[in-house]
Trainee: 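Encoded as structure tokens, here's the structure I'll be asking about.
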Amino acid sequence: MKRIEQVLTDAVIRAGRELWQTDLAESQIQLQKTRKDFTGDLTIVVFPFVRFAKSSPEKAGEVLGEYLVKQLDEIRDYNVIKGFLNLVIDESYWQAMLAVIAKDPDYGISQADDEAPLVMVEYSSPNTNKPLHLGHIRNNLLGYSISRVLEASGKKVMKVNLVNDRGIHICKSMVAWLKYGNGETPESSGKKGDKLVGDYYVRFDTEYKKQVKGMEAAGKPRKEAEGKAPIMLEAREMLLKWEADDPEVRALWEKMNGWVYEGFQKTYDRMGVSFDRMYYESETYKMGRDIVLKGLKDGILEQEEDGSVWADLEDRKLDRKLLLRSDGTSVYMTQDVGTAQQRFAEFPIEEHIYVVGNEQNYHFQVLSVVLDKLGYTWADKLYHLSYGMVELPEGKMKSREGTVVDADDLMDEMISTAKSMSDELGKLSEYNEEEKQNIYRQIGLGALKYFILKVDPKKNMLFDPKESIDFNGNTGPFIQYTYARIRSVLRNVSDAEVVFPQISLNEKEIDVIRLIHEFPEVVKTAADEHNPSVIANFMYDVAKEFNQFYHDHSILNADDADTRTFRISMSKLIGDMIEKGMGLLGIEVPERM
RNA sequence: GGUUCCGUAGCUCAGCUGGAUAGAGCAACAGCCUUCUAAGCUGUAGGUCCCAGGUUCGAAUCCUGGCGGAAUCACCA
């Protein structure tokens with residue numbers, strides 16, 4: 001069935017020819033939703049037509065409105081206010097559309113077929129020396145959600161995680177554990193693996209500072225103290241041994257990373273995110289070197305006297321960028337060049353999305369340019385999904401000041417808040433303990449996820465730990481609650497067949513139906529813009545609108561049987577849509593709450 | 001200093017591919033539960049859309065210049 005927007009656009013183009021002898025381009029036809037305080041469903045902006053119509057906007061609107069009402073069964077009425085032509089859509093269109101939607105369980109969602117293009121989404125990409133925190137939560141939720149959204153727009157999606165499992169930071173945890181750990185393990189201490197390793201990272205830092213201070217007190221200049229503190233020398237030595245494949249160091253490294261992965265996995269599982277493939281920097285950090293050397297040979301890159309290799313990007317309004325150190329080793333950029341090349345060679349990737357914070361905007365800008373210079377035609381297929389920081393009222397999170405909001409703790413807190421609110425309301429008495437726990441979890445995480453995802457990714461956002469995340473108003477639980485209400489109504493009807501009898505629709509019903517109609521467009525916009533917040537804000541509108549309808553009109557006690565059937569079907573559709581939409585955000589919806 | 005991003009109600013955020021009188025939630029105040037779940041609904045109050053120019057029939061939206069904030073500009077990752 002053709003969407004009304006398309007029908008109208010086509011008709012206006014015909015009108016342009018017949019009324020004004022003008023060929024209108026689709027882009028000249030501005031269709032928008034009619035504002036609430038005016039009569040109508042869709043509005044055409046007439047101003048662009050006045051020069052063809054050679055009449056006032058009002059006159060042109062009248063002429064066009066009359067034409068459309070006469071030509072299209074879908075348009076019942078029109079009114080013109082200033083240069084705006086407001087069109088009232090005939091109920092027959094809504095009825096027919098609902099009938100089509102009712103038969104399509106995938107409404108709004110496009111399934112990928114074999115031909116569908118592949119999108120690779122890299123996200124999370126944690127370091128293995130510290131537990132996950134609030135910043136990672138935003139990354140993980142965005143990465144997971146955008147993957148779901150892209151799938152829903154008909155793409156094949158591969159979610160990947162590139163774990164930073166090597167480097168001096170890991171060695172610091174290892175040194176501290178050897179020195180002060182007394183063989184402590186997650187089992188012996190009861191600590192989550194990532195937390196345990198993180199604790200030793202902190203311990204290293206404390207010892208290091210102590211040593212630097214001591215050396216400064218003994219008269220050493222600060223720089224020297226920082227560079228020569230014994231514990232730091234140990235960490236550097238450990239890194240060298242690691243690179244030399246020292247078996248003892250490697251064994252310890254594997255053991256401690258193993259603890260971290262176990263801990264991370266628990267956090268990922270709880271958060272509800274997953275990956276199709278893991279990459280590890282220990283396996284990729286040398287990649288890209290050959291590519292760079294070839295670029296050098298081809299005269300695209302240049303070499304300094306000390307042997308270091310550089311890309312000169314000044315013609316692209318960027319700096320010179322180092323690609324190989326003077327000792328011939330790779331840097332971060334080199335590795336990303338290498339991994340990208342490997343991935344594009346291995347998979348038919350149409351787009352590669354990197355979900356990484358905006359502090360790396362420059363890095364990804366350079367990455368694309370370097371790849372382009374090196375002649376890779378897919379260089380423009382990289383997309384940096386750059387997101388802003390999560391700030392606390394006092395500014396950035398700082399581990400030194402203990403203001404880091406731990407991911408596990410935050411989830412715990414959200415769930416326990418959900419529990420106390422639920423228990424107070426006491427609506428879950430029919431459920432056993434396990435079922436209750438599951439609902440607390442759904443609500444607590446729903447609140448957290450929605451809170452994060454409703455904000456435009458590129459903006460910095462504020463999180464105030466003192467004012468816990470809301471459960472009322474524009475929140476996840478509000479939307480979940482709307483769903484639970486719908487399910488509650490539907491539990492009262494046994495014959496769940498979704499049909500739409502011909503009834504005369506009231507205003508609230510039309511408001512709700514319009515949103516049902518909009519859903520596929522919203523999913524498409526979110527996918528095109530790589531922006532889950534589009535879905536989040538839409539789901540809120542849907543819940544808000546449905547709640548108004550629910551408040552004003554009884555579903556089960558409607559005036560007549562047809563109206564009752566219609567409203568039950570409409571509620572079912574809205575419930576399904578909420579479930580799908582929230583699913584795209586990675587948020588579950590409870591049957592009761 | 002260069003580059004990028006942000007600046008909308010007391011607070012948190014929508015709206016930004018130019019369109020009508022700029023919208024929600026929270027907080028405040030006033031109402032609505034013998035009727036499908038009140039985590040809901042209704043109302044009141046709250047605005048120099050950072051400032052100044054420009055483009056346009058029309059600017060929160062586009063352009064230029066300021067101001068304020070953030071990020072970044074390593075032989076770190």
Trainee: Y354(A): what forms a side chain to side chain donor-acceptor pair (under 3.5 Å) with it, not counting sequence neighbours?
Mentor: none

Trainee: Return a table of donor-acceptor pairs under 3.5 angstrom between the side chains of residues 321-328 of chain A and protein atoms on other chains or two or more places apart.
Mentor:
unit_1	atom_1	unit_2	atom_2	d
R325(A)	NH1	T329(A)	OG1	2.9
R325(A)	NH1	S330(A)	O	3.1
D327(A)	OD1	T329(A)	N	3.0
D327(A)	OD1	T329(A)	OG1	2.6

Trainee: Between G19(B) and F84(A), is there a base-stacking contact, meaning the centre of the base's six-membered ring lies under 5.5 Å from the residue's ring centre while the planes stay under 30° apart?
Mentor: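 No, F84(A) does not stack on the base of G19(B), since the centre distance and plane angle fail the 5.5 Å and 30° test.
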
Trainee: Cation-pi between R138(A) and Y387(A): NZ/CZ under 6.0 Å from ring centre and within 45° of the ring axis?
Mentor: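 No, a cation-pi geometry is absent between R138(A) and Y387(A).
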
Trainee: Using the 3.5 Å cut-off, write out each protein N or O paired with an N or O of nucleotides 12-14 of chain B and the distance between them.
Mentor:
unit_1	atom_1	unit_2	atom_2	d
C13(B)	OP1	L462(A)	N	2.8
A14(B)	OP1	D456(A)	N	2.5
A14(B)	OP2	K459(A)	NZ	3.1

Trainee: Would you mind classifying the nucleic acid contact of N86(A) as base, sugar-phosphate or nothing, using non-hydrogen atoms under 4.0 angstrom?
Mentor: base

Trainee: Side chain of F47(A) only, heavy atoms from C-beta on: which candidate in C5(B), A70(B), C57(B) is closest?
Mentor: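 Given the options C5(B), A70(B), C57(B), the side chain of F47(A) is closest to C57(B).
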
Trainee: For nucleotides 36-45 of chain B, read 5' to 3', which letter fits each nucleotide if B means a protein heavy atom sits under 4.0 Å from the base, S means only the sugar-phosphate is that close, and - means neither?
Mentor: BBSBSSS---

Trainee: With sequence neighbours left out, what residues match V369(A) under side chain to side chain contact (heavy atoms under 4.5 Å, CB included)?
Mentor: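 Partners of V369(A) by the side chain to side chain contact (heavy atoms under 4.5 Å, CB included) criterion, ordered by chain and then number, come out as L313(A), R316(A), L318(A).
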
Trainee: Would you please name every residue forming a salt bridge (Lys or Arg N to Asp or Glu O under 4.0 Å) with R564(A), sequence neighbours left out?
Mentor: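 Salt bridge (Lys or Arg N to Asp or Glu O under 4.0 Å) list for R564(A), sorted by chain: empty.
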
Trainee: Nearest whole angstrom, please: distance from the P of C73(B) to the NZ of K321(A).
Mentor: 7 Å

Trainee: Under a 3.5 Å cut-off for both distances, is C5(B) Watson-Crick or wobble paired, and to whom?
Mentor: G69(B)

Trainee: Does A20(B) have F38(A) stacked on its base, where the ring centres are within less than 5.5 Å and the planes differ by under 30°?
Mentor: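 According to the criterion (under 5.5 Å, under 30°), yes, F38(A) stacks.
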
Trainee: Report which part of the nucleic acid Q480(A) touches: base, sugar-phosphate, or nothing (heavy-atom distance under 4.0 Å, all strands).
Mentor: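 Answer is nothing: Q480(A) stays at 4.0 Å or more from every strand.
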
Trainee: Rounded to whole angstrom units, what separation is found between the OH atom of Y450(A) and the C1' atom of C26(B)?
Mentor: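 My rounded result for the distance is 13 Å.
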
Trainee: Quick test of your reading: applying side-chain hydrogen bond (donor to acceptor under 3.5 Å, both in side chains), list the pairs with at least one residue in residues 38-52 of chain A, sequence neighbours left out, ordered by first then second residue.
Mentor: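 Those involving residues 38-52 of chain A are T34(A)-T43(A), D41(A)-R514(A), T43(A)-N86(A).
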
Trainee: Measure up the Y540(A) and F478(A) rings against each other and bin them: parallel (under 30°), tilted (30 to 60°), perpendicular (over 60°).
Mentor: tilted

Trainee: Please name all residues satisfying ring-ring contact (aromatic ring centres under 6.0 Å, His included) with W310(A), sequence neighbours left out, ordered by chain then number.
Mentor: none

Trainee: Suppose we screen for ring-ring contact (aromatic ring centres under 6.0 Å, His included). Which residues come up paired with F52(A), at least two apart in sequence or across chains?
Mentor: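 By the ring-ring contact (aromatic ring centres under 6.0 Å, His included) rule, F52(A) matches no residue at all.
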
